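For reference, the structure discussed in these notes is given below.
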Amino acid sequence: MLQRQLLRRPLGALVCSVSCSISLFFASSSANAADAIVPPHVRAQTAPEWPTNAEADHDVDVIVVVTVAADGSVLDAHVDDSAGVDYDHAAIDAVKHWEFEPATRNGQPIPARVRALVHFAPKSTAPEPQPPAEPPAPAAANAPAAEPTVKPDPVVPDSASKEAAEDPHGPTEITVAGRARPPSRGASDYSINVGDLAIVPRKNAADLLKLAPGIMLTNEGGEGHAEQVFMRGFDAKDGQDIEFSLGGMPINESGNLHGNGYSDTHFIIPELVSSLRVVEGPFDPRQGNYAVAGSATYELGLAQRGFTAKFAGGSFGTQRLLLLWGPKGESKGTLAGAEIFKTDGFGQNRDSQRATAMGQYEGRLGAEGSYRVLASAYSTHYHAAGVIRQDDYQNGRIGFYDSYSASSYAHQAIPEGGDSSRYSLSADLESRAADTTLSQQLFLTYRSLRILENFTGFLLDVQEPLQSVHTQRGDMLDVSVKETTIGARGSARWHGRALNEPQHFELGYFARGDFTSGLQQRLAAATGHPYLTETNLDANLADIGLYADADLKPVHWLSVRGGVRSDLFSYDVTDHCAVHDVDHPSASNPPIDQSCLSQEDYGKPREPNQHASTSSIAVLPRASLLFGPFAGFTLTASYGQGVRSIDPNYITQDVKTPFSRIAAYEGGVIYAHQTDHLALSARSIFFLTYVDKDLIFSETEGRNVLGVGTTRTGWSGHVRATGSFFDESASLTMVKSEFNDTHLAVAYVPSVVFRSDTALFQELPWVLLGHRARGALGLGANYVGPRALPYGESSNPVFTLDASATLNFSHFEFGLTVSNLLDTQYRLGEYNFASDFRSARSQPGGASAQPTLVPERTFTAGAPRTIYGSFAINFGGV
Amino acid sequence: MRARFVSLWLSMLACSLATAGCVGTTGDQVVDFDAVASGPADASAGQPLSFEGSRGWQVKLTRASLHIGALYLADAMPVSGAQATSCILPGSYVAQVVQGRDIDLLSSEPQAFPTPGRGTTLEARAGQVWLTSSDVNLANVPTPPTVILDLLGSAERDGEMRPFQAKLTIASNRVNSNGVAGGSPICKERIVSPIPTSIRVANGGALWLRVDPRLLFTNVDFGALEAQGDVYVFKDDSSDQPSANLYNNLKQAGPLYDFSWVEQLP
């Protein structure tokens with residue numbers, strides 16, 4: 001829609017401001033109607049001065065391309081249509097003093113480039129200056145409200161800019177500067193802008209995943225342990241079935257002994273997350289290893305510029321100091337943050353401390369490129385309460401929030417918990433050369449992790465015939481992992497036109513090398529000394545992938561997206577403890593108490609280590625069809641194959657397929673609608689997923705172990721509504737997960753998950769310190785239905801409410817956050833397995849009680865009501 | 001296949017409000033059951049048990065008491081031919097009774113254990129009887145050691161009458177290193193295992209262990225016993241043949257112990 005704004009000045013020079021039609025610079029992925037783009041508009045202008053050596057006797061027009069920063073200032077201006085050097089200089093000088101309301105995407109300021117017409121009118125014809133007209137209505141409001149289509153060339157007007165072509169001054173357009181977003185793969189592809197929903201209480205960056213449907217998070221390992229993520233029927237354990245990344249840098253840890261693909265997102269400061277893309281299914285050729293349930297990509301961004309210091313404190317001795325910095329005049333992707341956190345925990349053995357620092361710089365690379373450098377450091381030390389047996393809790397032998405580690409009968413010299421640290425560096429650049437967008441990224445990560453956990457108490461250390469006589473020394477697992485990851489990814493995306501529609505084709509690669517060492521031992525409860533080595537591995541792993549992806553539009557209502565990806569997985573594993581026992585030990589030199597044996601059957605000598613190597617290639621086709629939009633509705637269908645590499649401890653020499661493979665199908669519908677006051681999107685999806693070798697939790701090994709194939713079938717619905725004073729996101733997912741051979745349910749997976757995030761925000765009728773106050777309320781509601789447990793049992797459903805309120809005025813913000821508002825006593829994780837914590841023997845008359853060897857319900861406690869107050873101050877912000 | 005998917009999704013839609021009923025099952029079930037033990041079916045409470053023993057001895061038992069510390073059932077038998085098995089059975093345990101009691105082996109009446117049993121509905125293939133009153137791995141606990149088997153009776157052959165008595169314990173007196181570390185750990189002495197069985201426990205029924213004291217005297221020659229006063233005493237250290245055979249019979253996972261399942265106790 002062509003808009004014209006006239007601003008008249010006493011000197012008689014007329015200046016025309018922005019005339020615009022929106023033409024997207026990059027392929028935009030989301031059908032979320034909140035992905036609206038509002039162009040910049042002029043807030044204040046400076047009239048150009050007539051060149052001193054020019055006669056002011058005729059109209060002169062100069063077309064100037066202006067780059068507007070996210071804070072509204074003019075970064076750059078150059079002439080696009082010259083009227084002569086003198087007029088050009090005058091126009092540039094004037095434009096550089098203009099002030100803009102910046103362009104926005106989903107309400108967030110973004111840099112943009114706009115073509116502006118500077119009109120020199122002769123003095124005699126200059127009308128009296130008029131106040132600026134109202135900003136033009138956003139062109140996006142008149143664009144189809146469904147998924148934005150790809151506009152490959154910013155200088156080529158698209159069909160929406162027909163009116164712009166009628167402008168006698170020539171077509172004008174806005175180029176929105178930013179990173180290319182991958183095209184949507186269907187209804188399960190969620191590009192989530194956190195936006196005002198940031199006010200809803202969240203404990204960490206993993207909690208942001210709940211903005212996508214079907215996500216449940218538990219954590220049996222403490223504050224520094226990765227969350228156990230359930231997504232659409234998958235128990236992704238500590239991230240093994242979800243490909244996690246931060247700005248393209250992988251987070252999954254290949255070769256982690258605790259779980260291959262372990263993903264700990266605690267190093268991400270949640271206030272620095274501006275958006276995330278969650279794809280629930282392996283439908284995008286860019287998705288690589290671990291994208292079995294799907295993928296989650298975090299993007300950093302800090303909307304509030306300036307320096308912010310925030311302190312929060314409250315229940316259970318919790319204190320958090322957060323420092324954020326967003327330099328004014330830089331993009332929101334330029335930021336830094338540092339955090340120090342400590343808590344005593346809400347029950348026994350739950351204290352933790354952590355510190356995080358991260359910084360990112362985003363800069364321009366010429367006129368059409370950008371680069372980004374990200375560095376982060378993270379360290380934490382924590383304790384964990386572990387599991388509680390239901391019979392002990394019901395019989396009063398242990399409290400709901402207690403820990404066996406703190407008990408007299410199951411005391412551990414070294415309690416459960418751990419240490420975790422991570423250091424990472426990533427650099428990427430994106431540029432455009434003619435009709436091709438090029439990107440390249442390098443990343444380097446060092447990771448160190450120690451986990452101490454005991455699920456089974458004093459059950460597993462049985463007396464073997466040839467061992468030294470011993471009692472049960474306890475089942476405490478001590479897992480240590482060190483890992484260095486280095487890698488790169490890159491792509492070239494060609495933008496073209498055919499059949500009168502934009503067409504795209506992309507080739508890309510991904511490469512990572514992981515150099516890991518892992519040690520798992522059991523520690524004696526009384527002394528904390530290791531008495532058994534279970535695993536001692538060094539592994540060098542490689543994952544190199546290539547992909548081709550096409551985004552085709554045969555007609556304007558049909559998009560065909562997809563391609564193929566191929567990954568090579570290679571393993572080079574040295575097991576330093578390959579032999580734990582033999583059927584016929586040497587009579588003259590029995591192993592006795594050795595963990596790692598140097599003999600085979602009948603005492604035949606061998607070295608205790610074993611080297612194994614293998615590699616294999618997975619070819620993964622993926623395709624999506626999008627029909628529409630028709631009156632706001634888009635129908636989608638997607639198919640994809642995904643892969644998850646297996647743990648190095650399962651590798652034997654030349655094993656053919658060192659990975660699990662999945663096939664996923666889905667069909668869905670997306671609705672998107674936007675008016676001046678409301679942005680609405682809704683989705684309904686039916687899905688089906690097959691896995692050939694699934695991972696099943698083993699409490700005795702303390703991690704997932706390879707099992708048989710499984711199938712998931714379900715439905716998911718999601719709604720997001722954004723208005724001028726509210727933002728609401730709600731979702732419901734129902735899924736059936738079963739084993740392919742027996743059709744029995746897969747344990748621990750929730751069959752129903754409901755989530756609602758609500759934010760209300762409004763200016764208040766108060767003036768404090770000369771500034772109008774602004775209030776905001778946030779509410780998060782979570783319902784998880786009963787989960788199937790082993791041995792035919794099911795867990796209790798869980799319903800929790802979290803709420804927060806903030807008051808902003810001037811540079812200050814006061815906040816109050818209440819988690820578990822209803823103070824529900826709930827079980828975060830529920831399990832059913834054999835354990836013996838000797839608790840029955842601690843009771844009067846219980847000395848003769850023998851160990852419990854059959855499965856019993858155990859659980860981890862969810863946090864009770866937790867209240868935090870916070871105070872923040874911002875300097876130098878917008 | 002399409003009909004199956006449609007019915008699956010329709011059922012999930014219908015269950016959106018009744019979530020508790022829509023959780024699939026992982027199979028099997030956790031159950032609670034009664035646990036009892038007794039002597040053989042043909043024994044009568046309060047009556048001596050008379051039978052023909054080995055080597056022509058006619059035995060008359062007037063007292064037979066066995067202390068049982070715990071009962072366990074597991075879903076797998078150990079693999080034969082491998083190294084000596086550990087005290088714990090392979091596979092998974094599917095039933096347990098963890099509080100013990102003394103059992104009158106001269107009574108066929110079911111004698112209930114202090115606490116109910118608990119288990120799963122998986123089929124049990126092997127059973128264990130733990131003859132202990134404390135930590136099965138601690139040879140010196142308790143002090144003094146618990147009498148596991150308490151026998152009183154008489155044996156007669158060719159007109160010779162020998163009253164006998166046995167009070168057997170399983171403690172440090174049974175530890176035998178054989179010069180090898182752990183050679184015969186005390187848990188191996190205290191745990192009778194593996195007892196072949198085929199049982200599925202269930203809610204409401206009862207696990208019944210029958211112990212036939214007559215089988216304790218297989219290959220026991222009362223003529224080799226030494227007299228202490230008027231009574232011939234089985235030694236608690238297996239230092240003579242009849243004492244050793246009595247003790248070995250006690251530990252044998254043979255027909256001496258028999259697990260069965262009853263839907264309802266008499």
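Order of the sequence lines fixes the chain letters, A, B, ..., with proteins taken first and strands second; residue numbering starts at 1 for each chain. This structure is a prediction, so every number in the text was calculated from the model and none was measured.
A:Leu853 CG to B:Leu89 CG: the interatomic distance, rounded to the nearest 0.5 Å, is 9.5 Å. One distance of note links CD of A:Gln850 with CZ of B:Arg190; it measures 9.0 Å at 0.5 Å rounding. Expressed to the nearest 0.5 Å, how far OH of A:Tyr791 lies from OG of B:Ser92 amounts to 4.5 Å.
Using a 4.5 Å cut-off between heavy atoms, A:Thr852 touches chain B through backbone and side chain atoms alike. A:Arg857 does not touch chain B: none of its heavy atoms, backbone or side chain, sits under 4.5 Å away. When heavy atoms are compared at a cutoff of 4.5 Å, A:Pro851 approaches chain B by way of both its backbone and its side chain. In this structure, the portion of B:Leu122 lying under 4.5 Å from any heavy atom of chain A is its side chain and not its backbone. Contact of B:Val30 with chain A is made through backbone and side chain together, with heavy-atom distances under 4.5 Å.
The 12-atom threshold is exceeded at CD of A:Gln394, counting heavy atoms of other residues, nucleotides or ligands nearer than 6.0 Å. Heavy-atom contacts from other residues, nucleotides or ligands closer than 6.0 Å to CZ of A:Arg473 number more than 12.
Proximity of B:Thr26 to A:Leu789: side-chain heavy atoms (C-beta onward) are nowhere separated by under 4.5 Å.
Among A:Asp601, A:Leu744, A:Val854, the residue making the largest number of heavy-atom pairs under 4.5 Å with chain B is A:Val854. Residue with the most contacts toward chain B among A:His470, A:Gln472, A:Arg787, A:Glu856: A:Glu856 (heavy-atom pairs, distance under 4.5 Å).
Identified by a heavy-atom distance below 4.5 Å to chain A, the contributing residues of residues 136-144 of chain B are B:Val136, B:Asn137, B:Leu138, in residue-number order.
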